[in-house]
Amino acid sequence: MKIEHILPADIERRSMEIIEAELGPIQLPPDEKDIIKRVVHTSADFDYVRNLRFSEGAVGKALEALQKGCTIVTDTNMACMGISQPGLTKLGCHKVCFMADDDVAAAAREKGTTRAQASMDKAAGLTGPLIIAVGNAPTALLRLKELIEAGQIAPALIIGVPVGFVNVEYAKEVIMEAGVPYIVAKGRKGGSTIAAAICNALIYKLTR
């Protein structure tokens, strides 16, 4: 194996060329392809080519929300920090994570729930279009389903990619039946970096 001498500015472009070549004959839907490739780029894991699920029209709904200056709500500060601020600024959008907020911690203690659940309750009080990006806590997805059924929240998109072993697969299946647009990584894989990568792929569709 030879070392490729690539300028720093060209590393992402070259990485995407390698991913494209390794996809071989696999044909991906045009509106989903950039998102799947960015997740593979972030993770070096081609399983996402098979595992990522998109509800019908999910990408279009997400782009429409971004064009309207939506708020992206994450379940970890890591995911929040990973979302492109320059891209959000160009679009007039915002990103928030409520997990470390004192009122969220207090609400979780009072109700005997997780902070992730309490943070979704707080998100339900936001105005304007919402994209919810969950990369860590399946309980956030389960609470979202309850809020959706109660008519208290109607996200333009739910990104459901929590990683782990406990309730993860179940929570993803639940959110795919919630009646709102979704991008979900079926199975146990996911994480904050995957949630941020999907958000960035959507943002870059409008800003690059």
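Everything quoted here is computed from the prediction, not taken from an experiment.
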Novice: Any chance you could lay out the side chain to side chain donor-acceptor pair (under 3.5 Å) test for Ser15 and Glu12, step after step, and finish with the verdict?
Specialist: CA-CA 5 Å; Ser15 296; Glu12 180 178 312; over 6 Å; no

Novice: If you group Ile, Leu, Val, Met, Phe, Trp and Tyr by side-chain heavy-atom gaps below 4.5 Å, do Phe54 and Val184 land in one group?
Specialist: no

Novice: Could you tell me whether the side chain of Ser119 and the main chain of Met99 form a donor-acceptor pair under 3.5 Å?
Specialist: no

Novice: Applying the side chain to side chain contact (heavy atoms under 4.5 Å, CB included) test to Cys70, which of Leu157, Leu88, Ile131 qualifies?
Specialist: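 Result: among Leu157, Leu88, Ile131, Ile131 is the only option passing the side chain to side chain contact (heavy atoms under 4.5 Å, CB included) with Cys70.
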
Novice: Evaluate Thr114 against Thr139 for side chain to side chain donor-acceptor pair (under 3.5 Å), listing each step before the verdict.
Specialist: CA-CA 7 Å; Thr114 66; Thr139 55; 3.0 Å; yes

Novice: Would you mind listing the cluster partners of Tyr170? Hydrophobic ones only (ILVMFWY), side-chain contacts under 4.5 Å, chaining allowed.
Specialist: Leu142, Val174

Novice: Between Lys186 and Glu173 (salt bridge meaning N to carboxylate O under 4.0 Å), is one present in this structure?
Specialist: yes

Novice: With a 4.5 Å cut-off on side-chain heavy-atom distances among I, L, V, M, F, W and Y, is there a chain of contacts connecting Ile132 to Leu63?
Specialist: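 No, Ile132 does not connect to Leu63 through the hydrophobic network.
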
Novice: Please tell me whether Val168 and Ile183 are part of a single hydrophobic cluster in this structure, the criterion being side-chain heavy atoms less than 4.5 Å apart.
Specialist: no

Novice: For Pro162, does its backbone N or O pair with a side-chain atom of Lys172 as donor and acceptor, under 3.5 Å?
Specialist: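 Yes, the answer is positive, given that a donor and an acceptor are paired below the 3.5 Å cut-off.
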
Novice: More than 12 heavy atoms of other residues, nucleotides or ligands under 6.0 Å from NZ of Lys95: yes or no?
Specialist: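 For Lys95, atom NZ is crowded (more than 12 foreign heavy atoms under 6.0 Å).
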
Novice: Backbone N or O of Gly82 within a donor-acceptor pair of the Asn200 side chain at under 3.5 Å?
Specialist: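 Present.
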
Novice: For Asp31, is there any backbone N or O sitting under 3.5 Å from a side-chain donor or acceptor partner on Lys205?
Specialist: yes

Novice: Do any N or O atoms from the side chain of Asp101 and from the backbone of Asp103 form a donor-acceptor pair under 3.5 angstrom?
Specialist: no

Novice: Do Gln152 and Asp121 pass the side chain to side chain contact (heavy atoms under 4.5 Å, CB included) test, and can you show the C-alpha distance, the side-chain angles, and the key distance before you say yes or no?
Specialist: CA-CA 9 Å; Gln152 296 178 31; Asp121 289 338; 5.7 Å; no

Novice: Indicate yes or no: does Glu20 engage Lys33 in a salt bridge with an N to O separation below 4.0 Å.
Specialist: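 A salt bridge is present here (some side-chain N lies under 4.0 Å from a carboxylate O).
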
Novice: Is the shortest side-chain heavy-atom distance between Thr74 and Val96 below 4.5 Å?
Specialist: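 Sidechains of Val96 and Thr74: no contact.
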
Novice: I'd like to know if Arg115 pairs up with Asp75 as an ion pair, taking the criterion as any Lys NZ or Arg NE/NH1/NH2 lying under 4.0 Å from an Asp or Glu carboxylate oxygen.
Specialist: no

Novice: If two hydrophobic side chains count as joined below 4.5 Å and joins carry through other members, does Ile159 share a cluster with Met81?
Specialist: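 In one cluster: no.
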
Novice: Surrounding CE of Met78 (heavy atoms of other residues, nucleotides or ligands, distance under 6.0 Å), is the total greater than 12?
Specialist: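 Incorrect, the count does not exceed 12.
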
Novice: In this structure, would Leu147 and Val73 fall into the same cluster of hydrophobic residues linked by side-chain contacts under 4.5 Å?
Specialist: yes

Novice: If you apply the rule side chain to side chain contact (heavy atoms under 4.5 Å, CB included), what do you find for Arg188 with Val163, and how did you get there?
Specialist: CA-CA 5 Å; Arg188 296 170 171 175; Val163 61; over 6 Å; no

Novice: Could you check Glu17 against Arg14 for side chain to side chain contact (heavy atoms under 4.5 Å, CB included), going step by step and ending with a plain yes or no?
Specialist: CA-CA 5 Å; Glu17 290 174 353; Arg14 178 62 183 134; 3.3 Å; yes

